[in-house]
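Following: one structure in C-alpha cells, then a few remarks.
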Amino acid sequence: MQFSASQPPAGWYPDPAGSGDERYWDGSQWSRVTRPSKGAKRSDDSIELPTPAQPTGKLASWPQRAAALVVDCLVLLMPYLWLIQLLAGDAFLVLNSWTEAVLVALQRREEIPEIPQSVMAQLTTASLIIRSLWVCYRVTFLSLWGATPGKLLLRIRVVLLTAPETTRMPIGRAFIRELSIEAMNYLVIPGLLSYLYPLANPRKQTLHDAMAGTIVVRR
C-alpha cells in the first residue's frame with residue numbers, strides 16, 4: 001500500500017482493527033503480531049497509519065481449490081512416471097519378485113523372506129526426489145505468479161493475508177507454505193484435516209494457509 005506522506009517509524013501502535021491491543025508496524029505495513037496495550041500513546045499523533053489490508057475479491061471455494069490441485073497433479077504426472085521409471089524401475093521389479101516369494105512362503109507355511117534393504121533405500125530416494133520436485137514446482141509458480149498452473153486455469157491465486165493486493169508471494173513465505181504441506185502430508189491425518197479445514201474456516205484457509213498467513217482468492 002503506497003502513501004504520499006513519509007511512512008511512520010517501525011514500532012508498536014494502537015491496533016487500527018480496534019482490538020484494544022497494540023499491533024507492530026514494521027515501517028511499511030502492519031504485521032500479524034500484537035501485544036496487550038500498555039496505555040502508551042503514539043509518538044506522533046499527526047501520523048495517519050493505514051488500516052490492515054482486506055482481501056480483494058472473493059475467496060476461492062473448496063471445489064475450485066480441489067480442482068486446481070487435480071490439474072497440478074496431471075501436469076506433473078508424466079514427469080513423475082518418467083522419474084519413477086528412471087530412479088526406481090529396477091526396485092519395482094525386485095519388489096514384485098519379493099511379493100511372489102512371500103505368497104509362496106505363506107502357502108507353504110515357510111518363513112517369510114525379508115524385503116531387500118537396497119529396494120527400500122532406492123524407493124525412499126525416489127520418493128524424496130519426487131516430493132522435492134513438487135515443492136519446487138509450487139514454490140516457483142507461487143513466487144513468480146502467485147498461482148500454480150492449476151490455480152491459473154481455475155482463476156484463483158494465493159495472496160498474503162496482510163497484503164492481499166500483491167500478485168506475487170515472497171519466496172520465503174512460499175517455502176514455509178509448501179514445507180508445511182509436506183510436513184502435514186507426511187503425518188497423513190493432519191494432511192487430510194488441512195484440506196478439509198476450509199469447509200469450516202470463515203476465511204476458507206487450509207491449515208498450511210493459516211501457518212503461512214495466506215488465503216486463496218478468485219482473480
Side-chain angles (χ1 to χ4, degrees), residues 1-3 12-37 48-73 134-135 137-219:
M1 188 177 294
Q2 303 294 327
F3 300 91
W12 293 94
Y13 297 92
D15 186 359
S19 67
D21 294 334
E22 293 179 338
R23 185 177 296 275
Y24 188 77
W25 170 258
D26 65 8
S28 61
Q29 65 180 15
W30 289 105
S31 75
R32 303 178 65 197
V33 181
T34 60
R35 70 178 185 184
S37 176
E48 288 292 333
L49 290 172
T51 56
Q54 297 298 320
T56 56
K58 295 182 179 180
L59 295 171
S61 66
W62 191 89
Q64 283 178 310
R65 299 188 62 170
L69 178 61
V70 171
V71 171
D72 286 326
C73 290
W134 177 254
V135 171
Y137 166 86
R138 291 172 65 88
V139 168
T140 299
F141 278 99
L142 289 181
S143 60
L144 292 178
W145 294 284
T148 60
K151 287 181 171 59
L152 289 172
L153 182 63
L154 272 294
R155 301 187 63 81
I156 59 179
R157 61 187 176 92
V158 182
V159 298
L160 298 178
L161 182 61
T162 55
E165 73 282 357
T166 58
T167 57
R168 300 198 308 179
M169 184 181 300
I171 190 168
R173 188 70 67 89
F175 260 117
I176 292 174
R177 187 176 188 273
E178 298 312 313
L179 291 179
S180 299
I181 294 175
E182 291 303 308
M184 285 184 286
N185 285 347
Y186 179 79
L187 298 174
V188 182
I189 293 179
L192 292 175
L193 292 177
S194 178
Y195 288 113
L196 294 176
Y197 189 57
L199 296 174
N201 183 271
R203 289 174 175 165
K204 300 188 184 300
Q205 291 175 299
T206 57
L207 293 179
H208 52 264
D209 279 323
M211 294 174 68
T214 58
I215 54 175
V216 181
V217 298
R218 301 178 192 175
R219 294 192 296 133

Can you give me the closest heavy-atom contact between [X] and [Y], atom names plus distance?
{"X": "Pro190", "Y": "Leu207", "answer": "O-CD1, 4.1 Å"}
{"X": "Val71", "Y": "Gly150", "answer": "CG1-CA, 3.6 Å"}
{"X": "Asn185", "Y": "Gly191", "answer": "OD1-CA, 3.8 Å"}
{"X": "Val139", "Y": "Ala174", "answer": "CG2-O, 3.9 Å"}
{"X": "Trp30", "Y": "Pro14", "answer": "CH2-O, 4.1 Å"}
{"X": "Val158", "Y": "Met169", "answer": "CG1-CE, 3.1 Å"}

Interatomic distance, [X] atom [atom1] to [Y] atom [atom2] [nearest 0.5 angstrom]:
{"X": "Leu152", "Y": "Phe141", "atom1": "CG", "atom2": "CZ", "value": "7.5 Å"}
{"X": "Arg219", "Y": "Arg157", "atom1": "CZ", "atom2": "CZ", "value": "8.0 Å"}
{"X": "Asn201", "Y": "Trp62", "atom1": "CG", "atom2": "CH2", "value": "14.5 Å"}
{"X": "Arg23", "Y": "Tyr13", "atom1": "CZ", "atom2": "OH", "value": "14.5 Å"}
{"X": "Ile215", "Y": "Thr162", "atom1": "CD1", "atom2": "OG1", "value": "9.5 Å"}
{"X": "Thr214", "Y": "Gln205", "atom1": "OG1", "atom2": "CD", "value": "6.5 Å"}

(request) Could you name each residue pair satisfying salt bridge (Lys or Arg N to Asp or Glu O under 4.0 Å) that touches residues 182-201, not counting sequence neighbours? (result) Arg131-Glu182
(message) Applying salt bridge (Lys or Arg N to Asp or Glu O under 4.0 Å) as the test, list every pair that has at least one member in residues 202-215; sequence neighbours left out.
(response) Arg65-Asp209, Arg177-Asp209
(message) Once ring-ring contact (aromatic ring centres under 6.0 Å, His included) is applied, what residue pairs with a partner in residues 164-205 remain, sequence neighbours excluded?
(response) Tyr195-His208
(message) Going by salt bridge (charged side-chain N to carboxylate O under 4.0 Å, His left out), name the residues that satisfy it together with Arg173, two or more places apart in sequence or in a different chain.
(response) none
(request) Name all pairs fulfilling the side chain to side chain donor-acceptor pair (under 3.5 Å) condition that reach into residues 144-153, sequence neighbours left out, sorted by first residue then second. (result) Asp72-Thr148
(request) Compare all side-chain heavy atoms of Thr206 with those of Met184 and state whether any distance is below 4.5 angstrom. (result) no
(request) Flag the pair Ser180 / Ile176 as yes when at least one side-chain heavy-atom distance between them is below 4.5 Å, and no otherwise. (result) yes
(request) Would you please name every residue forming a side chain to side chain donor-acceptor pair (under 3.5 Å) with Ser61, sequence neighbours left out? (result) Gln64
(message) Is it true that, when you exclude Ile189 itself, more than 12 heavy atoms of the residues, nucleotides or ligands shown sit nearer than 6.0 Å to its CD1?
(response) no
(message) So does Thr140 get a backbone contact from the side chain of Ser143, meaning a donor-acceptor N/O pair under 3.5 Å?
(response) yes
